[in-house]
Each structure stands twice: as C-alpha cells, then as structure tokens.
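These numbers were taken from a predicted model, which means no experiment stands behind them. First listed ligand is number 1; within each ligand, the first listed atom is number 1.
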Amino acid sequence: MSQKSSMSRFFRLIKPERTYFILLALCSLVSNTLITMMPFIMGIAIDDLLKMIKQNGTPLSFDSIQGLILRPVLLLIIIAMISACFSFIQERMMASLSEKVTLRLRKEITLKFKKLPMSFFDTHQVGDILSRTTNDINRIAEVLLTGINQFFSSVVTIVLGIGMLLYIDIKLTGVVLVLIIVSSVVTSWVANKNKRLADTNQEVLGQLNNKVEEFFSGNLEIKTFNQQQETAKQIDETNQQHKKAFLNSQFFDFAIYPAIRFLNQLAFIISAILGAGMVIQGTLTIGLIQAYLQYVNQISEPITNFSYVINALQSAMASLDRVTYILDQPEEVPDTQDPVTIKNSQGKITFDHIKFGYTTDHLLMNNVSFTANPQKMVAIVGPTGAGKTTLINLLMRFYEINGGVISYDGQDITTLTRKELRSKFGMVLQNTWLFEGSVADNIAYGKKDANREDIIKAAKIAQCDHFIRTLPNGYDTIISSENGSLSQGQQQLLTIARVILANPPVVILDEATSSVDTRTEVEIQKAMSTVTRGRTSFVIAHRLSTIEKADLILVMEAGNIIEQGTHQELLKQEGLYATLHQSQFKE
Ligand SMILES: Nc1ncnc2c1ncn2[C@@H]1O[C@H](COP(=O)(O)OP(=O)(O)OP(=O)(O)O)[C@@H](O)[C@H]1O
C-alpha cells in the first residue's frame, strides 16, 4: 500500500471529525506553549534573585524579595493551571474522537458486509476478517488517534524547545543538537527494527488465531480422524513461533531503551558541564543555564519517542489499510432502481442459456437451460462437484451470471430486488444453521411476527413437535449457535418447520444423507414431502430412489446439464442417469 494512498485513507477517515482535529491541535499548541514558557520564567526569576543577592548581600529580608518571588510563582501557577485545562480538554476530545471513529468504522463495516458478494466470503478466511474487524479497528482508535495526539504534542514541544535553546545560546545548542540527533538516529534504527519484529509478531498471531479457529470449527472432524495430537502439535508449534517473535520484539523494546536514555543523559551532562563553564566565564547566567537544562530534558523525551510514535502510526496506518481494504471491496451489483414486485407468485423458474463461472477466466456452466413449472418437483442429480449447489446459488442470485437469463414467473430475476427474490424461496440444507435463541425463535426466523400457535402448527407438520416437547423448556429451550444439544436430524427438522412457517412458493431441499438414523430419516422424508406439496421444489438428490416421482430430473456433470426429463424418459435415453440408476439399484 503506498504511503500516499494510506494518507488519503487517513484523511478520508477523519474528514467527518476534522473540526475536532483542528481543535485538538490548537489545544496541544496552547498547552505546550505554556509549558515551554515555564523554565524561562523561572530562569529570569532566579537571575533577578541572584542580582539582588549580589547587590545587597545575604541575608535578605522577606519583604525585599517578596515581589521578586511572589510574582513569578503566581505566574507559574496560573500558567500551569491553564496548560492543565487545555491538556484536559485535549485528552477528553481525543477519547470522544476515538469513540466516534470506532463506532463509525464498525457501522460502515457492518453495512459493507451486507453488500459484499458471496465471492468475497469464498475467498477470505474467517480468522482474517475477524481480526480486521476487531483488532484492527481497535488499533485505529487506540494507536492511530492517540498516536496523532502524541505526534502533535511532540512536534510542538520539540519546535518550541529548540527555539528556546537557540534563543539562550546558539553554540551550546549546536553541541546538544548533535548529541540529540545521534540519539534519534539510533532510536529510529531501533524503532524500524522493532516494527519489523512487531509485524512478524502480528503475523504469527494471525496464524495462531486461524489455527485455533480451525481447531474449534473442525472439532468433530479432528476427533473423528484422531487428529487431536497432530492439531495440538501444530498449534503448539505456532505458539512457539509466536513466543519467539514476541520475545524478539520485546527485547528491543526493553533492552535497547536504556541505551537511548543513556545517550540523552549524556547530552544533559555535557550541556551541564559546558554551561557551567560558560557561567564561570560570565557568558551565561545561572538562571538561564537552569532553564537551558530543563529544555534539554523537555525535548529529549519527545525526540527519543518520535520514531516510536511515527512507527506506531505507520503500523496503525497498516491497520487502517486492512480495514479500508474491506470497505473498498467491490460490492455486489446493486438492486435495480425500479424493481418489479410479484403479487400472486406461481413459482415458475426458467434458466435460459445460462453461462456462469466462479472466476472470470473459467466458465463452469456453458449453456444451462431448463424450466421448473409451478408446484412441480425438480430433482438435481450428478456426481460430486457437478454443479448442483451452484445451480441453487444462481437461482437465489448469490452470484451474478455471465450470460443468459434466469426468470421467476416470467420476470428476469435482476428486475426484482434480492430481498423480494429470496422471499420466494425456503431452503433446507444439510448444514443447518441455527442461531443462539429459543427453539420458537429459530422456527420463526423467516416470519418474525408468527404467534406461538403458528409455530407449533409448523413444528407439527415438520414432525418435530414431539421432540421439542421433550426438551427441558420445550419451545423456549435456548439452543446455542453451535447446536451442540440437538442431533443433526433434529436440526434439519427444525429448519423444515422454519420453511413451512415462512410458507414460500418455492423450496430448495438438500436431501438428508446417511448421517441420520433410519427413524429420523423417515421423519425427514415425510416432512420434506409435506413441505414440497403445493410448491415448486428443487431437490438435490443423493439417492435416486427418492426422486423417481419427480416431474423433472436434471442430470448434471462438470457444471452443465447433460440430460433432463422424467425418470422413465431418462431411463430410456440410457445415458448417465440410467447408468447411475443401475449402479444404485445393484447396491
Ligand atoms: N465458491 C466457489 N468458488 C469457486 N469454485 C467453486 C465454488 N463453489 C463451488 N466451486 C466449484 O464449482 C464446481 C461445482 O461445485 P458445486 O458445489 O456446485 O457441486 P455440487 O454438485 O453441489 O457438489 P456436491 O455434491 O459435492 O455438493 C466444483 O468444481 C467446485 O470446486
């Protein structure tokens, strides 16, 4: 990512809060200018006092020095108070700015997720997206914005401090500056090295996140294949790498820092020695040398920290890039401006010469055509990877086609909003998705206003009322998003109830495989045949015996439909379907 585009992203980020930023900079300027004035005022006061001592000798009566001491002390107190007020305002504004920006970014990201095409989710890892939307957004608020705040303060302190040093003595400042520059070059080298180590650390942390995420999401498969040891070993190795990367980056932080401190102290000591010499020779007053030493101290810390601030800003900028990367992703084709609504839906679907590829350079479907008539059952068969799921994905407009027209009740589906189109479909997949909530809420997911009576009615039709009643709190039992407490068959029955309640004109069913017991399978079959009644249905079939009565069977291979017709017609053709049928029949 180029520096320029990072900067423009940053300005785009803070644009809505720019007034805040200007106010922040002003507060920083006022507060730091006031602080810079203090050593000088003190220096003048000391010199005035010394002059008085020289003129009148000691001891001095309190009355004679009252004016000399009281005035500067009062002035210093007032300055310190005003500076503290501005500093307080600056910090307070900073905190609220961070909150505002974080909230805005989170809102933008959430909105963006709604508009991203499916291909984005296909090509990005969950762990990575998660870390962009949580860690990176936090870093932008914590590091980027506070870093900028520190940056303002440092610049003001350094510029004013050096200005005062030069004003007090140009030659002495030359020596001090050389030392401070050496120390900042060393710091900058350290900071660069540290950044690389911190980046490696961050990268390894991302890998660790992904591994842990895999460990949890694939828990069942890992156990089935007895891979716990192997997976634990992999996590352990990544953990070790992380430990190493972390230690390396910490070493630079903790071990090198004292060395830089030493260089700064050296600048201070040398200025003290040279300054003392100048005082002895009468070229500098005691008051000014003490002010001078305070300035050396005042600027050495921000100078030393400057490289760190810049680096922290750079790495936070990288976080900003990672977040804006998501915000800049191309969105799915927007819904039509003038959408059509379908009133009395029939559920007739036509694929007319469809071309489609997941990637632009490779077409999976070259010329797919078929018609699903209202209230008829369409079965889709074919070997794994044949394109059955893809066909459904296109039907629901999860992906954009590369040619041809898909129509619903004679309307090109692109003339409908996605919301309208998808409201016509209900899906029952093998990989059911239930969310953390009550059983009743899960059934009512597609019809939020359904009452308890409707929910129970749907559950009865879907053959799941009896098992729901055996749950500890019946319909109010909370199921977790991991679905741990329900069997796969029960989960599928719940999703069938969900579809029945939503009552869409078209249903898409992914047949249950042998992963459920025979009794549940019978219940699922029963529920599925109920749900298809009076609706157009698409059934992804795994066993040909269940689809013999389908009105249309689509036989797919390598993305295309190679045969279509009824069971009898296809048997007569003696093609792939007949072969598949024969082989299953033999089994
Ligand atoms: N999101 C995707 N991005 C890229 N390629 C994909 C994607 N989904 C599927 N494919 C590819 O498209 C082809 C068809 O896949 P699809 O999932 O439609 O087959 P399927 O018939 O449903 O298979 P199965 O019976 O195993 O579920 C396969 O070669 C697959 O690798």
Open item on the list: How far is atom 28 (C) of ligand 1 from the closest protein heavy atom, and which atom is that?
Closed with: Gly385 O, 3.8 Å

Open item on the list: Return the closest protein heavy atom for atom 26 (O) of ligand 1 as residue, atom name and distance.
Closed with: Thr384 OG1, 2.5 Å

Task: Nearest protein heavy atom with distance in Å, relative to atom 1 (N) of ligand 1 - done: Asp122 OD2, 2.7 Å

Open item on the list: Using a 4.0 Å heavy-atom cut-off, which part of Tyr399 comes near ligand 1: side chain, backbone, both, or neither?
Closed with: side chain

TODO: Report the part of Leu364 in contact with ligand 1, treating N, CA, C, O as backbone and CB onward as side chain, heavy atoms under 4.0 Å; options are side chain, backbone, both, neither.
DONE: side chain

TODO: Check the side chains of Asp136 and Ser319 for a donor-acceptor pair under 3.5 angstrom, ignoring hydrogens and angles.
DONE: yes

TODO: Report the C-alpha separation of Leu576 and Leu570 in whole Å, then their side-chain angles, then the decisive distance to 0.1 Å, and conclude whether the side-chain contact (heavy atoms from CB on, under 4.5 Å) test is met.
DONE: CA-CA 9 Å; Leu576 179 66; Leu570 290 176; over 6 Å; no

TODO: Write out the residue and atom name of the closest protein heavy atom to atom 27 (O) of ligand 1, then the distance separating them to 0.1 Å.
DONE: Thr389 OG1, 3.7 Å

- [ ] Please report which non-hydrogen protein atom sits nearest to atom 18 (O) of ligand 1, along with the residue it belongs to and the distance in Å to one decimal place.
- [x] Thr390 OG1, 2.4 Å

- [ ] Give the ring-plane orientation class for Phe121 versus Phe113, where under 30° counts as parallel, over 60° as perpendicular and anything between as tilted.
- [x] tilted

Open item on the list: Between Thr536 and Lys348, is the side-chain contact (heavy atoms from CB on, under 4.5 Å) condition met? List the steps.
Closed with: CA-CA 7 Å; Thr536 311; Lys348 179 179 176 183; over 6 Å; no

Task: atom 11 (C) of ligand 1: the protein heavy-atom neighbour that sits closest, reported with distance to 0.1 Å - done: Tyr358 CE1, 3.9 Å

TODO: Could you check atom 25 (O) of ligand 1 against the protein and tell me its nearest heavy-atom contact, residue, atom and distance included?
DONE: Lys388 NZ, 2.9 Å

- [ ] Would you confirm whether Thr336, through its side chain, and Asp338, through its main-chain N or O, come within 3.5 Å as a donor-acceptor pair?
- [x] yes

Task: Thr566 vs Asp551, side-chain contact (heavy atoms from CB on, under 4.5 Å): CA-CA, chis, key distance, verdict - done: CA-CA 6 Å; Thr566 60; Asp551 301 288; over 6 Å; no

- [ ] Please work out whether the ring planes of Phe356 and Tyr358 are parallel, tilted or perpendicular, with thresholds of 30° and 60°.
- [x] perpendicular

Open item on the list: Strictly inside 4.0 angstrom of atom 31 (O) of ligand 1, do you find any protein heavy atom?
Closed with: no

